[in-house]
Amino acid sequence: VQLQACGGGLVQAGGFLRLSCAASGRTFSSSAVGWFRQAPGKEREFVAVIKMSGSITRYADSVKGRFTISRDSAKNTVYLQMNFLKPEDTAVYYCAANLEGLTTVASMYDYWGQGTQVTVSS
């Protein structure tokens with residue numbers, strides 16, 4: 001499985017971005033895809049996750065009500081709509097796939113994309 005994340009960029013506080021994570025190779029309809037982020041000098045942290053079958057999602061408290069994760073199973077693509085962005089959202093965002101199911105633990109993920117930079121200016 002190869003994951004390709006894109007959609008990052010520079011945006012002002014209060015703005016929005018939509019990240020995409022496209023998967024190629026082995027299909028993973030029974031898996032979960034999550035977004036994580038890592039800011040300079042900080043550990044990688046969980047952002048959101050979605051099960052590829054059904055509609056189960058989980059969010060970090062810091063993004064609830066602002067970010068929405070969704071999927072297009074036919075395209076093997078997961079999206080992260082980020083609204084009302086804050087400077088503290090600045091980080092490299094990674095998507096990852098877990099073939100076993102829904103989890104918020106980074107070490108449980110089997111495949112990782114290359115990351116896309118999100119910078120929110122104040």
Pairwise side-chain contact, Y79 with T68, heavy-atom cut-off 4.5 Å (strictly under): no

Exercise: identify the closest heavy-atom pair between S122 and A13: CA-CB, 4.4 Å

Separation of R18 CZ from M82 CE (nearest 0.5 Å): 11.5 Å

Point-to-point distance, once rounded to the nearest 0.5 Å, from SG of C21 to CZ of R71: 14.0 Å

With a 3.5 Å cut-off and sequence neighbours excluded, list the donor-acceptor pairs that the side chains of residues 111-118 form with protein atoms.
{"residue": "Q114", "atom": "OE1", "partner": "A5", "partner atom": "N", "Å": "3.3"}
{"residue": "Q114", "atom": "NE2", "partner": "A5", "partner atom": "O", "Å": "2.8"}
{"residue": "T116", "atom": "OG1", "partner": "G8", "partner atom": "N", "Å": "3.1"}
{"residue": "Q117", "atom": "NE2", "partner": "A91", "partner atom": "O", "Å": "3.4"}
{"residue": "Q117", "atom": "NE2", "partner": "T119", "partner atom": "OG1", "Å": "3.3"}

Cation-aromatic face contact R44/F36, 6.0 Å, 45 degrees: no

Least distance between heavy atoms, Y109 atom then G34 atom: CE2-N, 3.7 Å

For I50 against L102, the heavy-atom pair lying closest together: C-CD1, 3.9 Å

Beyond-backbone contact of L85 with F67, side-chain heavy atoms, under 4.5 angstrom: yes

Y59 side chain to I69 backbone, donor-acceptor under 3.5 Å: yes

Selection residues 87-97 - residue pairs positive for side-chain hydrogen bond (donor to acceptor under 3.5 Å, both in side chains), sequence neighbours left out: R37-D89, R37-Y93, R66-D89

Closest approach of S20 to T77 (non-hydrogen atoms, all atoms of both residues): CB-CG2, 4.4 Å

R58 atom CZ, neighbour heavy-atom count above 12 within 6.0 Å: no

Distance, nearest 0.5 Å, that separates CG of L19 from CD of Q81: 9.0 Å

Side-chain heavy atoms of F16 within contact of V11, under 4.5 Å: no

For the student: nearest non-hydrogen atoms of T103 and V49, plus distance: O-CG2, 3.9 Å

Interatomic spacing from CG in L99 to OG in S31 - rounded to 0.5 Å: 4.0 Å

Spatial distance of atom OG (S62) from atom CZ (F46) [nearest 0.5 Å]: 9.5 Å

Non-hydrogen side-chain atoms of D110 and V1 separated by less than 4.5 Å: no

Shortest non-hydrogen separation from G101 to K51 and the atoms involved: CA-CE, 4.1 Å

Contacts of K64 that satisfy salt bridge (charged side-chain N to carboxylate O under 4.0 Å, His left out) - sequence neighbours left out: D61

